[in-house]
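Here is how names work: the chains are called A, B, and so on, in the same order as the sequence lines, proteins then strands, and each is numbered from 1.
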Number of protein chains: 2
Amino acid sequence: MARLVAERADAIPLLAEAFREFGFEGASISRLCKRTGLGKGSLYHFFPGGKEEMAAAVLESVQHWFAGTIFQPLETLPPAEAVNGMIDAVADYFQSGRRICLVGAFALDGTRDRFAPALNGYFTQWHKALAIALQRAGLPPAEAESASLDTLVTIQGALVLSRALDSEQPFRAAMEQVRQRLSVAWRGP
Amino acid sequence: MARLVAERADAIPLLAEAFREFGFEGASISRLCKRTGLGKGSLYHFFPGGKEEMAAAVLESVQHWFAGTIFQPLETLPPAEAVNGMIDAVADYFQSGRRICLVGAFALDGTRDRFAPALNGYFTQWHKALAIALQRAGLPPAEAESASLDTLVTIQGALVLSRALDSEQPFRAAMEQVRQRLSVAWRGP
DNA sequence: TTATTCCTGTACCGATCGGTAAAATTTTTA
DNA sequence: TAAAAATTTTACCGATCGGTACAGGAATAA
């Protein structure tokens, strides 16, 4: 019994990497079998809903990780610490631009329509959490909201450009720019 | 003779929309047939290299359109005019965030490796052209380069967020922010 | 008008697609 | 240890995949 849960959970990060690499449409069941080391039967045993359930589980897991590691600290830790922690965690998670954001990637093609609520929720939660941190740091609500959105935009755009140019430089530069821009919240304009 | 060229060219925008909607992997030949109104025979007659040649032709056509409409004006027109023209053209082309950037989308999954030079070329040319305009407007080379890169990052990220949140608002806000940020080039800091 | 070239529709290929069924095996529970 | 449940293997399904072959129709050139 414990084994089922443990192994289903263990499959999720492997599925995530496969979806990252091939996209939702490009990730065929046979590829997902190879990546997870599970046969078709096992995979469908864990995810009776097939590929769609696998992707949903992956998105849920990503969202959960971000909620615990990034969103929640943004709402509770001292703002400067939380924001800088977010930037470090994001740079680490996305491997300085070499690893893509699954949520962002899903948003860019027809896959979006299948998972619209999950994609919306991920960015909405992030946006809200960051805006709260910036408000706590002293930014007026409107500025906090717009700086928060701008930050998410910059992160996602940096991932696109780092991938397209096959270089960590755009991502690294963007992250430092984000750090500077957000620091006005506690250092004043 | 003239008919062949004309119809092959006419197929490209239709193929482009199909690739935008389904992604490269999700765009099956039968879907591409439906969208273009061409049978398999005709499609393979125009693009003997199959789907890969179709996507390459689409990317080339996109690149060509941007070169003429955006990159070239950036290098020749008066800077302020060129930059504002770029922003307007981009907002129009991407339908205020409802239409994705094919190049950006291709960069985010395994499709990138097939078309790496095209993706790199598109962003590199854009980046250079914008940096040149900003330098001509009076920005020091280093600032021009970083402001140019930041602009492309913001545009791509805005497309991701507008799609994910299913709203034009993030894109519109980002474009106005870009307009403001770049105006320091000719208005001074 | 004839010959040639260009274009299209149809049928077909093997491979792979997502998904199912059930037997066989392992693991857990009693 | 025996029964029950969880898990994996294997074979298989119809549909669709990307791609090819080719015959016939349509336009163009001679």
Side-chain angles (χ1 to χ4, degrees), chain A residues 1-59 102 105-106 109-115, chain B residues 1-59 61 102 105-106 109-115 118:
Chain A
M1 182 76 89
R3 199 183 153 204
L4 181 147
V5 174
E7 296 204 359
R8 192 193 123 115
D10 290 349
I12 290 178
L14 300 170
L15 292 171
E17 287 313 310
F19 282 122
R20 266 181 238 276
E21 189 164 334
F22 304 116
F24 181 77
E25 296 282 355
S28 69
I29 298 291
S30 72
R31 282 209 251 234
L32 298 174
C33 286
K34 276 175 202 150
R35 290 309 191 87
T36 55
L38 295 171
K40 255 184 177 186
S42 307
L43 218 42
Y44 274 93
H45 175 72
F46 289 133
F47 307 93
K51 204 159 72 151
E52 187 140 350
E53 185 176 343
M54 299 177 209
V58 164
L59 287 175
L102 201 53
F106 277 14
D109 63 19
T111 308
R112 177 190 64 161
D113 302 325
R114 293 174 183 254
F115 304 106
Chain B
M1 181 77 87
R3 200 182 153 204
L4 180 148
V5 173
E7 295 205 0
R8 194 193 121 114
D10 289 349
I12 290 178
L14 299 169
L15 291 170
E17 285 314 308
F19 282 123
R20 267 181 238 275
E21 188 163 335
F22 303 115
F24 181 78
E25 297 282 355
S28 69
I29 298 291
S30 72
R31 282 210 251 233
L32 297 175
C33 286
K34 276 174 204 150
R35 290 309 191 87
T36 56
L38 295 172
K40 255 183 176 187
S42 308
L43 217 43
Y44 274 94
H45 175 73
F46 290 132
F47 307 93
K51 203 160 72 152
E52 188 140 351
E53 186 176 341
M54 299 176 208
V58 165
L59 288 175
S61 136
L102 201 54
F106 277 14
D109 64 18
T111 308
R112 177 191 63 162
D113 301 326
R114 293 174 184 254
F115 304 106

Asks: Measure from CD on E25(A) to P on dG18(D) and round the result to the nearest Å.
Replies: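 It works out to 11 Å between those atoms.
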Asks: Could you encode protein contacts along nucleotides 9-17 of chain C as a string, one character per nucleotide from 5' to 3', using B for base contact, S for sugar-phosphate-only contact and - for no contact, with a heavy-atom cut-off of under 4.0 Å?
Replies: B-------S
Asks: Would you mind telling me which of L59(A), I12(A), I29(A) makes a side chain to side chain contact (heavy atoms under 4.5 Å, CB included) with M54(A)?
Replies: I29(A)
Asks: Measure from NE2 on H45(A) to C1' on dT10(D) and round the result to the nearest Å.
Replies: 17 Å
Asks: Which residues pass the salt bridge (charged side-chain N to carboxylate O under 4.0 Å, His left out) test with E53(A), not counting sequence neighbours?
Replies: R8(A)
Asks: Tell me: CZ of F46(B) to P of dT5(C), nearest whole Å?
Replies: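 Atom-to-atom, F46(B) to dT5(C), this comes out as 18 Å.
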Asks: What stems, by residue range, does DNA chain D take part in, given at least 3 consecutive Watson-Crick or G-U pairs under 3.5 Å?
Replies: C:2-5 with D:26-29, C:7-30 with D:1-24
Asks: Mind checking side chain to side chain contact (heavy atoms under 4.5 Å, CB included) for S28(A) and listing every partner two or more places apart, or none if nothing turns up?
Replies: S30(A), R31(A)
Asks: Quickly work out the L32(A) CG to dG19(C) P distance and round it to whole Å.
Replies: 11 Å
Asks: With sequence neighbours excluded, what pairs up with S42(A) under the side-chain hydrogen bond (donor to acceptor under 3.5 Å, both in side chains) test?
Replies: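 Testing S42(A) for side-chain hydrogen bond (donor to acceptor under 3.5 Å, both in side chains), a comparison that skips the adjacent residues, returns none.
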Asks: Would you confirm whether K51(B), through its side chain, and F24(B), through its main-chain N or O, come within 3.5 Å as a donor-acceptor pair?
Replies: yes
Asks: Please name all residues satisfying side chain to side chain contact (heavy atoms under 4.5 Å, CB included) with E52(A), sequence neighbours left out, ordered by chain then number.
Replies: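 E52(A): side chain to side chain contact (heavy atoms under 4.5 Å, CB included) contacts with R114(A), F115(A).
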Asks: Listed by chain and number, what are the side-chain hydrogen bond (donor to acceptor under 3.5 Å, both in side chains) partners of T36(A), not counting sequence neighbours?
Replies: none
Asks: If you only use heavy atoms from C-beta on, which nucleotide in dT20(C), dT8(D), dG18(D) is closest to the side chain of Y44(A)?
Replies: dT20(C)
Asks: What pairs meet the salt bridge (charged side-chain N to carboxylate O under 4.0 Å, His left out) rule with one or both residues in residues 35-48 of chain A, with sequence neighbours excluded?
Replies: E21(A)-R35(A)
